[in-house]
Amino acid sequence: MKDLMNSNQGINRTGMMASLVDSLETKEGAEALTPPSEGFSSDLGENRIRYMREAEPIGSMPKPGKTKGLFSNAKAKMSPTRTLLMDKLGERLAFERSGVRLYEALLSKYHGSANKDVLPPLDQLEHFYEAELNHFTLVSDVILELGGDPTAVTPSADITGVASCGWVQVVADPRTTFMQSLEVIHMAELVDNACWELLIELARANNLEEVAGSFEEALEEEREHLENVSQWIREMSLNKDAINELQLSQ
Ligand SMILES: [Fe+2]
Ligand SMILES: [Fe+2]
């Protein structure tokens, strides 16, 4: 069995052209065993809408705390812009926490790589990991200052946690390389940058100029992360010594 597995390594048989005879039989089998459903894809859409009308919301916002925060008067605490800001702060907190986990896993990929010469500098990776951790602390402090609870899961925090699950799975997978993990970090950094930009605008819409200023500093660091990660991917993709990182063996 082990020999069979070894002999199969590196052979990709997912395409129909790998064996035309077998693929035709597979197609016949699939058609025989899977009766086609009636109707059109528009019926699926209508069904989704029916479910949407009956579904509960994905979550709810926690009630504003009694602690004296920057939103000290009751009216400001209940305003829709304040609620949206608190929801998005919860999202940022969840995302930065995921960012820390992603960089932690990337550092393991670095230490487990045989050919470190083709990888980005370790001190810079560690620096970005620490920045994500600092951003997490910054957002947590701001939530507290605004009279919120950083341990509460807001609807957007819940959604971002589910949406980023795939990224964490790829980076934590022992089969993926440093480079494959770095490409996932690239996706996360793109989203990170866009979300910090929105958060700054929301802070300003709530007249929280000082908070917006501290977020500007975080955004500047996120821009640096994105620029470097993009550059590293370009360099590694064009470096023939780094080709093993792409796992393209046949
Ligand atoms: Fe981040
Ligand atoms: Fe980042």
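Computed from a predicted model, the values in this text were never measured in an experiment. Atoms within each ligand, like the ligands themselves, are counted from 1 in listed order.
- No donor-acceptor distance shorter than 3.5 angstrom exists from the side chain of S164 to the backbone of W167, with no hydrogens or angles considered.
- Note on D192: counted as a metal contact of the Fe ion (ligand 1), an N/O/S atom lying under 2.8 Å.
- A donor atom on one side chain and an acceptor atom on the other are found under 3.5 Å apart for E96 and W196.
- Residue-level check: among N/O/S atoms of E132, OE2 sits closest to the Fe ion (ligand 2).
- Inspection of the E227 and Q231 side chains reveals no N or O donor paired with an N or O acceptor under 3.5 Å.
- Residue-level check: among N/O/S atoms of E189, OE1 sits closest to the Fe ion (ligand 2).
- Counting backbone and side-chain atoms alike, E221 contributes no N/O/S atom closer than 2.8 Å to the Fe ion (ligand 2).
- Nearest N/O/S atom of E222 with respect to the Fe ion (ligand 2) is recorded as OE1.
- A cation-pi arrangement is present between R92 and F95, with the terminal nitrogen or guanidinium carbon under 6.0 Å from the aromatic centre and inside a 45° cone about the axis.
- The Fe ion (ligand 2) lies under 2.8 Å from an N, O or S atom belonging to H225.
- Ring-centre distance between W232 and Y110: not below the 6.0 Å cut-off.
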